[in-house]
Amino acid sequence: MSIITLLTDFGTSAEYAGLMKGVILSINPSAAIVDITHQIDSQDIVQAAFTICSSYEYFPDSTVHLIVVDPGVGSQRSLLAFEMKKQFFIAPDNGVLTLLFDEGKPTALVRITNTKYFLASVSQTFHGRDIIAPVGAHLSVGLEVRKLGDEICLQDAVQLDNLCAHFSEKGELVGKIVAVDNFGNLITNIDFRKLEKIRQAGQELIQIKIGSHVIRGLSETYSRVESNTSLALVGSRGYLEIAVNMGNAAQVLNVEKGTEVRVMV
C-alpha cells in the first residue's frame with residue numbers, strides 16, 4: 001500500500017483537496033491518502049514549513065508528501081521533488097522545504113519539468129491538481145524521482161531566512177509565534193534543543209516574555225496550573241508553546257502570529 005499525504009491551505013469548504021485525491025486515485029487506486037491538514041493559514045509558507053517538518057517523521061518509508069501552499073502559483077516559480085530519509089516531498093520552490101533541507105542529506109532534489117507526468121491540461125491557478133497530485137501519484141507507484149527533471153543543488157532552491165530562533169547578544173533566546181492552533185495555543189519557533197541550552201545556562205527558572213506578559217518556568221502539562229492561567233511548555237511538535245489552561249492564549253494574552261517571544265534566565 002502506498003501512502004500519500006496532503007498539506008494545504010485549501011480549507012475544507014471548497015472542492016480543491018477532493019479533486020487532488022481524485023487525480024491521485026485515477027493513477028494509483030490503491031493509494032492511502034492522509035490529510036495532514038488543509039487548515040494552514042492562507043498563503044502562510046512559514047507555518048507550512050514548520051508543520052511538514054514536525055509531521056513527516058511519523059510516516060513510514062516511501063511516503064509521498066504533497067505540499068500545496070503556493071501564493072506564487074502560475075508565476076515563474078518552479079516545483080520541486082525532494083527525496084530525503086526514504087521519503088518524498090513535492091512542493092513549490094518558495095521556501096516551504098527550508099527546514100527539511102536541514103534534516104538530513106538529500107538523496108535527490110529535482111526541479112520538476114517532465115510534462116509526461118502532468119495532467120493533459122494544466123491550469124495556471126491549480127498546479128496542486130494538475131501537476132503536484134499526478135506527479136505524487138506516479139512516485140507512489142514506483143517512478144524514479146530523477147525522471148521528473150534535472151537535479152539541482154540545495155543552494156539553487158529558494159530558502160527562507162530567519163525561520164529559527166536565535167540567541168541575542170544578551171544571551172536571550174529570541175523567537176516568534178509561527179502558528180495559533182484551534183485551542184488558541186501559541187506555537188513558537190523555539191525548539192526544545194535551544195531551550196535546553198538556555199535552561200542549562202542558569203540555575204534560576206527561565207522566564208518567557210511575550211508582549212507585556214511574563215511566564216516563569218516551564219510546565220509539563222496544561223493542567224499543572226490553575227484554570228485561566230497562562231503557562232509555557234514544550235508541545236508535541238518539539239517547540240515551545242504558550243497556552244492558557246482551559247482558555248485561549250491568543251485571546252487572553254492579546255497576541256498573534258509574528259509576535260516576538262523571548263526566553264531568559
Side-chain angles (χ1 to χ4, degrees), residues 1-56 58-59 62-82 87-100 110-141 143 145 148-149 157-158 160 178-182 187 237 257:
M1 179 178 65
S2 304
I3 298 174
I4 299 175
T5 77
L6 302 180
L7 189 156
T8 80
D9 58 356
F10 292 160
T12 55
S13 61
E15 74 276 18
Y16 306 131
L19 295 181
M20 286 187 66
K21 294 177 184 181
V23 171
I24 291 167
L25 294 172
S26 296
I27 297 167
N28 181 1
S30 65
I33 304 174
V34 177
D35 300 295
I36 293 180
T37 183
H38 297 294
Q39 302 302 139
I40 297 295
D41 293 337
S42 296
Q43 304 181 351
D44 193 332
I45 298 168
V46 172
Q47 184 184 359
F50 277 95
T51 302
I52 189 61
C53 190
S54 60
S55 301
Y56 80 91
Y58 298 101
F59 290 87
S62 299
T63 296
V64 180
H65 302 279
L66 309 184
I67 306 158
V68 191
V69 179
D70 192 13
V73 64
S75 69
Q76 295 301 307
R77 73 93 186 90
S78 59
L79 294 168
L80 300 177
F82 179 51
Q87 299 199 40
F88 301 91
F89 305 84
I90 309 296
D93 185 18
N94 59 12
V96 74
L97 298 175
T98 300
L99 293 172
L100 291 175
V110 171
R111 201 175 300 283
I112 300 172
T113 56
N114 191 343
T115 59
K116 176 182 178 180
Y117 302 103
F118 301 177
L119 292 192
S121 177
V122 175
S123 164
Q124 287 296 97
T125 61
F126 199 179
H127 288 178
R129 177 194 64 195
D130 301 336
I131 302 177
I132 294 176
V135 165
H138 283 293
L139 284 177
S140 75
V141 294
L143 177 69
V145 67
L148 293 171
V158 174
L160 301 177
V178 295
V180 181
D181 71 14
N182 289 340
I187 297 129
R237 296 173 177 85
K257 282 194 308 180

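What you see below is based on every heavy atom in this structure, not just the backbone, and it leaves out hydrogens, waters and symmetry mates.
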Pairwise distance OH(Y117) to CG(L148) - rounded to 0.5 angstrom = 7.0 Å
Roughly how far apart are D70 CG and N94 CG, rounded to 0.5 Å?
-> 6.0 Å
L6 and V68, any side-chain heavy atoms less than 4.5 Å apart = no
side-chain contact (heavy atoms from CB on, under 4.5 Å) assessment of V69 paired with Q47 | CA-CA 10 Å; V69 179; Q47 184 184 359; over 6 Å; no
Validation row: I45, P71 side chains within 4.5 angstrom (heavy atoms) = yes
CD1/I112 to CG/D93 distance, rounded to the nearest 0.5 angstrom?
-> 10.0 Å
Contacts of V34 that satisfy side chain to side chain contact (heavy atoms under 4.5 Å, CB included) - sequence neighbours left out = I3, T5, F59
Please round to the nearest 0.5 Å and tell me the distance separating atom OG1 of T51 and atom CG of L7.
-> 5.5 Å
Using the ring of each side chain (for Trp, its six-membered ring), is F89 parallel, tilted or perpendicular to H65, with breaks at 30° and 60°?
-> parallel
Any side-chain heavy atom of F118 sitting closer than 4.5 Å to one from V135?
-> yes
With no hydrogens and no angle check, is any side-chain donor or acceptor of T98 less than 3.5 Å from a backbone partner on L160?
-> yes
Those residues that, when tested against D35, pass salt bridge (charged side-chain N to carboxylate O under 4.0 Å, His left out) (two or more places apart) | K21
Does the D130 side chain pair with the main chain of S123, one donor and one acceptor, at a distance under 3.5 Å?
-> yes
Could you give the distance from CD1 (I187) to CG (D181), rounded to the nearest 0.5 Å?
-> 4.5 Å
Give a yes or no on whether the backbone of R237 and the side-chain of S54 come within a donor-acceptor separation of less than 3.5 Å.
-> no
Are the side chain of S140 and the backbone of A137 linked by a donor-acceptor contact shorter than 3.5 Å?
-> yes
Evaluate the side-chain proximity of R111 to L79: yes if any heavy-atom separation is below 4.5 Å, no if none is.
-> no
Quick one: are K257 and D44 in side-chain contact, heavy atoms under 4.5 Å?
-> yes
Scan for side chain to side chain donor-acceptor pair (under 3.5 Å) pairs involving residues 6-20, sequence neighbours excluded, and state none if there are none.
-> T8-H38
For side-chain contact (heavy atoms from CB on, under 4.5 Å), just list the numbers for I67 and L97, CA-CA rounded to whole Å, side-chain angles, deciding distance to a tenth of an Å, and then say yes or no.
-> CA-CA 9 Å; I67 306 158; L97 298 175; 3.9 Å; yes
